[in-house]
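The next block holds one structure in the form of structure tokens; read it before the comments.
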Amino acid sequence: MLNIVLFGPPGSGKGTQSEKLIDKYGLTHFSTGDMLRAEQAANTELGLQAKKIMDRGELVSDEIIIGMIRNKIKGQSDAKGFIFDGFPRTVAQAEALDSVLKDLGIKIDLMLGLEVEKDELIDRLLKRGKDQGRTDDNLETIENRINVYECQTLPLTGYYDAQNKYRGVDGLGGIDDIFGRLCGIIESL
Ligand code: ADP
């Protein structure tokens with residue numbers, strides 16, 4: 001099994017690279033952002049609550065996120081591996097993930113971090129806002145998301161680094177070049 005956390009700030013290309021990694025390695029995808037947007041599209045109570053938080057660029061509570069992941073992971077023990085995209089985003093989420101995986105007898109092998117500087121992130125997200133109409137891709141929310149990332153999410157690199165699982169990758173360049181960098185690290189495991 002190959003279980004990866006794909007890490008990086010908003011706009012660093014996690015979604016794009018996840019798709020390519022899923023194709024190549026047959027991984028099962030867990031994107032908490034996509035799960036929350038699916039709840040919104042289905043007009044559930046959770047979706048409505050989450051939308052307000054997401055439109056401010058803040059984090060949905062650990063309790064909700066951990067519950068969602070726990071439910072989705074159940075019954076997936078025949079998967080070839082998992083890729084976590086946009087999760088965990090706090091140390092509490094990382095600890096909860098370790099405990100859920102431990103119950104299944106598996107563990108995270110690697111955290112791959114896409115490194116992209118702030119100005120480039122803002123440009124990419126403003127463009128995505130125009131192209132795809134995501135309501136959280138506006139300047140005010142983007143700046144808040146990047147701050148939240150720096151304060152609450154970035155410390156997670158230390159959590160995985162302490163287990164010697166963190167590998168940072170330059171997230172600038174062509175999509176296939178970046179994909180090649182990620183695959184190089186996976187193949188060297
Ligand atoms: P991005 O990484 O580009 O910000 P996502 O789709 O991963 O996009 O997340 C969008 C929003 O969904 C976040 O700003 C946050 O409000 C919420 N969210 C997604 N994943 C999590 C998580 N693991 N914990 C808390 N909130 C989350």
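Every number for a ligand or one of its atoms is a count from 1 in the order of the listing.
- A search for side chain to side chain donor-acceptor pair (under 3.5 Å) contacts involving Lys80 returns nothing, not counting sequence neighbours.
- Closer than 4.0 angstrom to ligand 1 by heavy atom are Pro10, Gly11, Lys14, Thr32, Gly33, Leu36, Arg37, Met54, Glu58, Leu59, Val60, Ile65, Gly86, Phe87, Arg89, Gln93, Arg128, Arg134, Asp136, Arg145, sorted by chain and number.
- Taking 4.0 Å as the cut-off between side-chain N and carboxylate O, Asp176 and Lys20 count as a salt-bridged pair.
- Residue pairs meeting the salt bridge (Lys or Arg N to Asp or Glu O under 4.0 Å) criterion with at least one member in residues 114-123, sequence neighbours excluded, are Glu120-Arg124.
- At least one donor-acceptor pair under 3.5 Å links the side chain of Thr44 to the backbone N or O of Glu39.
- Salt bridge status for Arg128 with Asp131: absent, with no side-chain N to carboxylate O gap under 4.0 Å.
- Applying the salt bridge (Lys or Arg N to Asp or Glu O under 4.0 Å) criterion to Arg56, with sequence neighbours excluded, gives Glu58.
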